[in-house]
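Beneath this line is the structure, given in structure tokens, with notes to follow.
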Protein chains: 2
Amino acid sequence: MVVKGIRQLADHLDISIGTVSRALNGKKDVNEDTRRRVLEAAERLGYVANQSGRALRKGSTGVIGFMMQTGHEITGQGDTFFMSVFDGVQTVFARHGLDLVALLCSSEEDPDAYLERVVARGFADGIMLSATRRVDERFALLDRRKIPFVALGRSLTDVGQPFIDLDFEGMATTAMTRLVERGHRRIAVLRPHDDLNLGHVFLGACRLVLAEHGLTLEDDLIFDASPNEAGGYRVGQGLAHHPDRPSAIVVLNDGSVTGLFHGLEAAGLTPGKDIAVIGLHSPQARYLSPRLTCFDLSLRDLGISLAETLLASMPAYASLYPNAAHRQLWPMTLIDGDSG
Amino acid sequence: MVVKGIRQLADHLDISIGTVSRALNGKKDVNEDTRRRVLEAAERLGYVANQSGRALRKGSTGVIGFMMQTGHEITGQGDTFFMSVFDGVQTVFARHGLDLVALLCSSEEDPDAYLERVVARGFADGIMLSATRRVDERFALLDRRKIPFVALGRSLTDVGQPFIDLDFEGMATTAMTRLVERGHRRIAVLRPHDDLNLGHVFLGACRLVLAEHGLTLEDDLIFDASPNEAGGYRVGQGLAHHPDRPSAIVVLNDGSVTGLFHGLEAAGLTPGKDIAVIGLHSPQARYLSPRLTCFDLSLRDLGISLAETLLASMPAYASLYPNAAHRQLWPMTLIDGDSG
DNA sequence: CATAGTCTCGTAAACGTTTACGGAGATCGG
DNA sequence: CCGATCTCCGTAAACGTTTACGAGACTATG
């Protein structure tokens, strides 16, 4: 048997709905005996407070929305990237009875309009953004709507929004220094679409590092490619037939690395021998041959930080996370491989 | 400027909230002039009806939940798999103003309890399931709660629930016949955890096909492995050192194939030469060397069918999809590769 | 002109919950 | 034994929306 509505549950117990509600919500003014009775009955009859009614009254939904776009060509992240991050986010939210849902924006719908719609409806108490773009209306939009949010990926049009982004500057420094010290002079970069800001940031950092060594990043060595196997394959082919082939390449699209390897091999080049490859860690990375030299990070911990940063900006939870970082560049560690 | 609440919007227009609501919802009893005025003002002031209020009154949320579990070790599918399916689902839902969200169940929470909680709250009008298990409480639970749903993956405890599953029987027939005709006699199978029913179904089908040829599926040739690179790698190693090595393997875990290849290679075996490999299509499949012989399917179309099947079981939309399949085995086509 | 019909709109109830408020009974201190 | 305090609970308002209902102002029709 299943009971629908607090009214039915209250009638069933010969108690007023007020008391039932208080009992369920752990409020003070309720006898411990009746509380037990209520809890037991709710459990037995499968009563759970209606989401809409509760949200309407309380003014908060208990839901956090993580916006992502369907159709996988947009972001450069590997296949299990988000699921790992989510797992970290959840462990934090679970402590507060918050639920994480992914807001799925169709590839046919305008992301800005979608987000505005969802936020304006009051669907979620907080928003997580991903795949931030170089000019990203969404930051201003969320500011305007005054809803707490955090971005996975930095904002370039800076007005103080909270975010956590990968430390691309650190990555650029480590990668470029390593390559230069090993004698590389012509170094290429593979990044996803220019509109995503991670590639933009990374290139800037690379230029800085290279300049310190009196080197430059040649325009014809910057490859934009879809963050998938096909994109990597094409770049591999392109590299092989490049009139002035670089001796190394750094790959931001972790989904493209295996494609790149096979593209190179198909053209008779051996990664790590004919051309050094440094990438981002992905599940495949250590099973590639040669093993990929790559930057690793704890996605689960990243998710935890992401959640804490968001909660820190929500009035109801801020006091619990007094020293959560408002903005953070997430450190990555280099894992030695055989590819570069 | 942003307006909050239909009351404010109505006051701003010197109109009653009833009329405003009717205007926004395209109801009949409203002058076309005032409707335009309302629509324009709503657009300009950024008014969108509150989700909770609307859902509470209408008794439906306009939200469809796709349940999935975070932490990627459970299901064999990755982000791109789901994102492609979602894209298809969305194109159908968009026509009806329905929104798809992914209900993310933490790996630390019991999936059944999670689903019960979400459904009982009335969070969504319909549910999509994935990663169905051999004994899956969720089917009975959704039946009991009388909420429309569809599963991506069949139910084995059969009481007529709607689902779409991959045609593993067809796949088994095609794959096994092909291998047998090419002279293979000892054929292995790699599948994810036994608790997921796809592996169970597939094995059964394989046994049937093999029996027709007077062959059997040896117990020591059935490998259960985590649906990831590491799992595949270990099986590759295991195959290489198998006392009576099979000459072919069919792989259900698409996330494991590259790992399997590298595991084999690390042990000195060449896929497609020393051992035939047939798998499922994945973004990597055609960039592997040798190219993977695999079964492909249109994920986007699968999503469309999934959505239509669900809508067909929702009273409000059923009439629009009179001949949507209630249950469906989704066809897959074999793509010739070099691996087997 | 009277009546019926049409068009448009305002009013108010309802959806399921939470919570401020007040009241009834019990307990306690003097 | 009386007033004060405490414990527990019921009542009712409020959250923002949709919609059934009815009313007023026209128009058409006879």
Side-chain angles (χ1 to χ4, degrees), chain A residues 2-39 41-42 45-63 97 117 119-125 145 316, chain B residues 2-39 41-42 45-63 97 117 119-125 145 316:
Chain A
V2 171
V3 104
K4 53 177 192 296
I6 201 174
R7 177 96 262 159
Q8 280 191 24
L9 183 57
D11 288 351
H12 186 271
L13 288 167
D14 264 322
I15 291 184
S16 80
I17 60 170
T19 305
V20 172
S21 176
R22 279 191 299 267
L24 291 173
N25 290 6
K27 289 301 166 65
K28 211 75 209 301
D29 283 3
V30 48
N31 183 288
E32 276 309 317
D33 257 6
T34 46
R35 185 192 301 280
R36 262 191 297 275
R37 281 209 313 140
V38 171
L39 256 41
L45 301 178
Y47 169 80
V48 180
N50 175 276
Q51 164 74 8
S52 304
R54 166 184 266 250
L56 180 57
R57 169 62 218 226
K58 308 225 318 178
S60 69
T61 62
V63 171
R117 191 163 56 85
V119 171
R121 283 203 296 187
F123 188 88
D125 295 343
R145 291 282 181 182
Chain B
V2 170
V3 103
K4 53 178 192 297
I6 200 173
R7 177 95 262 158
Q8 280 190 22
L9 184 57
D11 287 351
H12 186 271
L13 288 167
D14 262 323
I15 290 184
S16 81
I17 62 171
T19 305
V20 172
S21 176
R22 279 191 300 268
L24 292 173
N25 291 7
K27 289 301 167 62
K28 212 69 208 300
D29 283 3
V30 47
N31 184 289
E32 275 311 315
D33 257 7
T34 47
R35 186 192 301 280
R36 262 191 296 275
R37 280 210 313 139
V38 171
L39 256 42
L45 302 178
Y47 169 81
V48 180
N50 176 277
Q51 165 74 10
S52 303
R54 166 185 267 251
L56 180 56
R57 168 63 219 232
K58 305 227 315 180
S60 70
T61 62
V63 171
R117 191 163 56 84
V119 171
R121 284 203 294 187
F123 187 89
D125 295 342
R145 292 282 181 182

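Residue numbers start from 1 in every chain, and the chains themselves are labelled A, B, ... in the order their sequence lines are given, proteins ahead of strands. These numbers come from the heavy atoms of this one structure, side chains and all, not from hydrogens, waters or symmetry mates.
Residues B:Ala10 and B:Ile17 approach most closely at CB-CG2, 3.6 Å, considering heavy atoms. The two residues A:Ala23 and A:Leu39 come nearest to each other via the heavy atoms O-CD1, 3.9 Å. Shortest non-hydrogen contact noted between B:Gly122 and B:Thr61 is O-CG2, 3.3 Å. Closest non-hydrogen pair, B:Arg35 versus B:Arg22, comes out as NH1-O, 3.7 Å.
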Detail all sub-3.5 Å separations between protein N/O atoms and N/O atoms belonging to nucleotides 5-8 of chain C.
from	atom 1	to	atom 2	distance (Å)
C:dT8	OP1	B:Asn31	ND2	3.1

Protein and nucleotides 10-17 of chain C: nitrogen or oxygen contacts under 3.5 angstrom:
from	atom 1	to	atom 2	distance (Å)
C:dG10	OP2	B:Ser16	N	2.9
C:dG10	OP2	B:Ser16	OG	2.8
C:dG10	OP2	B:Thr19	OG1	2.7
C:dG10	N7	B:Arg22	NH2	3.0
C:dG10	O6	B:Arg22	NH1	2.9
C:dA14	N3	B:Arg57	NH1	3.4
C:dC15	O2	B:Arg57	N	3.2
C:dG16	N2	A:Gly53	O	3.1
C:dT17	OP1	A:Tyr47	OH	2.7
C:dT17	OP1	A:Asn50	N	3.0
C:dT17	OP2	A:Ile6	N	2.4
C:dT17	O5'	A:Tyr47	OH	3.2

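Looking at heavy atoms from C-beta onward, B:Val2 lies in side-chain contact with A:Arg145 at the 4.5 angstrom threshold. A 4.5 Å side-chain heavy-atom check between B:His12 and B:Val3 finds every atom pair outside the cut-off. Side-chain atoms of A:Val38 and A:Leu24, non-hydrogen and from C-beta on, do get closer than 4.5 Å to each other. Between A:Tyr47 and A:Ile6, the closest side-chain pair of non-hydrogen atoms falls below 4.5 Å. Looking at heavy atoms from C-beta onward, B:Gln51 lies in side-chain contact with B:Val63 at the 4.5 angstrom threshold.
An OP1 or OP2 oxygen of D:dT19 is reached within less than 4.0 angstrom by a side-chain nitrogen or oxygen of B:Lys27.
Recorded end-axis angle for the helix from C:dC1-D:dG30 to C:dG30-D:dC1 stands at 50°, based on five pairs per end and rounded to 10 degrees.
Distance, B:Asp33 CG to D:dC26 C1': 16 Å, rounded to whole Å.
Using modelled atom types, one finds no donor on one side chain facing an acceptor on the other under 3.5 Å when comparing B:Arg37 with B:Asn31.
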